[in-house]
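Heads up, the thing below is written out as structure tokens.
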Amino acid sequence: MTDIDGVQHQRTVPFGKVQPQVWQKQIQNHAINFAAPIKEVLSKIESPFVTAIADCISPQASFYDGKLFLVGDALALFRPHVAQSINQAALHCLLLERYLKGEITLSAYEEEVLSFAHTTLLWSREVGSEYLHSIAGHLYHKMRHRVARRAQRWGVRL
Ligand SMILES: Cc1cc2nc3c(=O)[nH]c(=O)nc-3n(C[C@H](O)[C@H](O)[C@H](O)COP(=O)(O)OP(=O)(O)OC[C@H]3O[C@@H](n4cnc5c(N)ncnc54)[C@H](O)[C@@H]3O)c2cc1C
């Protein structure tokens, strides 16, 4: 995350600031595994930027006794590998309607959305770690996700 001027960035190295040798190394080391259309796209990037991928989750989905809600990405932001964020936003819409109609309680709403958020967050870390970490790191994330899924079936959120 250090740019051509020696400045270290926390989240994004902007266009025109990525060190050419860093970009070339990425292309050489990783592009070999990509499918042909992705390789073509990569070869056409003249001015790359780099942005760090992060995730976060709120410990709570509703506030002020069910009058204020965090929904979609505002509740939980997943790493993109599992492409589940629209699913999450849709789940919130469906469940909020049921809560507003009085079909489910506030605590049932909280439990359902936080359970989905926690297991999906762990899943996205598991998938991401397959590419980023050592086998030990990947196994750690995989185990955490599997245990959380199992616990979810027993009604426990880890
Ligand atoms: C490049 C990219 C690719 C993606 N691909 C996928 C994918 O394949 N599958 C998938 O499931 N998800 C994908 N996502 C994630 C998905 O787009 C988001 O998870 C989803 O849009 C979240 O919906 P949201 O309503 O929570 O937030 P948003 O869609 O971000 O909506 C928030 C809205 O609030 C508005 N806003 C912000 N501040 C204010 C303010 N102060 N006042 C008023 N309005 C404000 C914003 O303008 C925005 O319209 C992708 C995201 C990106 C960026």
Side-chain angles (χ1 to χ4, degrees), residues 1-3 8-19 22-27 29-133 138 141-142 144-149 151-153 157-158:
M1 302 302 282
T2 304
D3 71 16
Q8 192 176 12
H9 297 265
Q10 202 175 2
R11 300 200 54 81
T12 299
V13 182
F15 290 109
K17 292 286 182 183
V18 177
Q19 296 183 44
V22 171
W23 180 244
Q24 280 312 316
K25 199 172 152 197
Q26 290 298 321
I27 300 276
N29 289 355
H30 301 295
I32 201 162
N33 296 319
F34 290 145
I38 307 287
K39 278 188 194 167
E40 189 186 338
V41 169
L42 279 174
S43 72
K44 289 179 177 168
I45 297 175
E46 287 170 10
S47 184
F49 73 96
V50 177
T51 198
I53 290 176
D55 54 34
C56 62
I57 188 166
S58 165
Q60 216 178 317
S62 67
F63 303 83
Y64 303 109
D65 203 19
K67 292 185 182 66
L68 177 74
F69 289 84
L70 286 179
V71 293
D73 284 2
L75 176 71
L77 196 59
F78 309 127
R79 298 176 194 203
H81 332 284
V82 285
Q84 282 294 308
S85 297
I86 295 286
N87 269 359
Q88 173 177 246
L91 175 73
H92 295 171
C93 293
L94 292 171
L95 289 173
L96 259 184
E97 183 189 13
R98 294 190 61 202
Y99 168 68
L100 292 172
K101 283 180 173 169
E103 293 172 6
I104 56 171
T105 63
L106 188 58
S107 63
Y109 175 86
E110 280 270 345
E111 184 49 42
E112 190 116 5
V113 297
L114 289 178
S115 206
F116 179 90
H118 276 277
T119 49
T120 306
L121 189 99
L122 292 171
W123 181 26
S124 75
R125 286 180 185 173
E126 178 196 332
V127 174
S129 68
E130 197 166 340
Y131 301 97
L132 291 172
H133 298 298
H138 175 57
H141 287 292
K142 196 179 176 99
R144 272 197 75 189
H145 173 226
R146 298 291 148 91
V147 171
R149 282 289 301 274
Q152 189 185 29
R153 274 184 231 129
R157 182 156 35 90
L158 296 179

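Fair warning: this is a prediction, and the values are worked out from it, not measured in the lab. Atoms within each ligand, like the ligands themselves, are counted from 1 in listed order.
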### Query
Starting from atom 14 (N) of ligand 1, which protein heavy atom do you reach first, and at what distance in Å?
Ser85 CB, 4.8 Å
### Task
Give yes if a backbone or side-chain nitrogen or oxygen of Asn87 is under 3.5 Å from a nitrogen or oxygen of ligand 1, and no if not.
no
### Message
Check this for me: Glu103, atom CD, are more than 12 non-hydrogen atoms of other residues, nucleotides or ligands nearer than 6.0 Å?
### Response
yes
### Task
Answer yes if a protein heavy atom lies under 4.0 Å from atom 18 (C) of ligand 1, otherwise answer no.
yes
### Query
Do the ring planes of Tyr109 and Phe69 sit parallel (below 30°), tilted (30 to 60°) or perpendicular (above 60°)?
perpendicular
### Query
Distance below 4.0 Å between atom 44 (N) of ligand 1 and any protein heavy atom?
no
### Distance flag for atom 22 (C) of ligand 1, protein heavy atom under 4.0 Å
yes
#### Entry: Ser62 and Glu110: side chain donor to acceptor below 3.5 Å
yes
#### Entry: Over 12 non-hydrogen atoms of neighbours within 6.0 angstrom of CZ in Phe63
yes
### Task
Can you measure from CD (Gln8) to CG (Asp3) and round to the nearest 0.5 angstrom?
10.0 Å
### Query
Tell me: protein heavy atom nearest atom 7 (C) of ligand 1, and distance?
Ala83 CB, 4.2 Å
### Task
Run the numbers for me: atoms of ligand 1, each under 4.0 Å from some heavy atom of Gly72, listed by number.
26 (O)
### Message
Regarding Glu126 and Arg144, does a basic nitrogen lie under 4.0 Å from an acidic carboxylate oxygen?
### Response
no
### Query
Between Val113, Leu77, Leu70, Leu114, which is the residue that forms a side-chain contact (heavy atoms from CB on, under 4.5 Å) with Ser58?
Leu70
### Query
More than 12 foreign heavy atoms under 6.0 Å from CD of Gln19: is that the case here?
yes
### Message
Quiz question for you: does at least one protein heavy atom lie closer than 4.0 Å to atom 32 (C) of ligand 1?
### Response
no
### Message
Can you report which non-hydrogen protein atom sits closest to atom 12 (N) of ligand 1, along with the distance?
### Response
Ile86 CG1, 3.6 Å
### Task
Might you check, step by step, whether the distance between atom 9 (N) of ligand 1 and some protein heavy atom is under 4.0 Å?
yes
### Message
Protein non-hydrogen atoms only, distance under 4.0 Å: does atom 26 (O) of ligand 1 have such a neighbour?
### Response
yes
### Query
What is the closest protein heavy atom to atom 30 (O) of ligand 1, and at what distance does it sit?
Asp73 OD2, 4.7 Å
### Message
Within the 4.5 Å heavy-atom criterion, are Gln88 and Thr120 side-chain neighbours or not?
### Response
no
### Query
Does an N or O anywhere in Ala89 fall below 3.5 Å from an N or O of ligand 1?
no
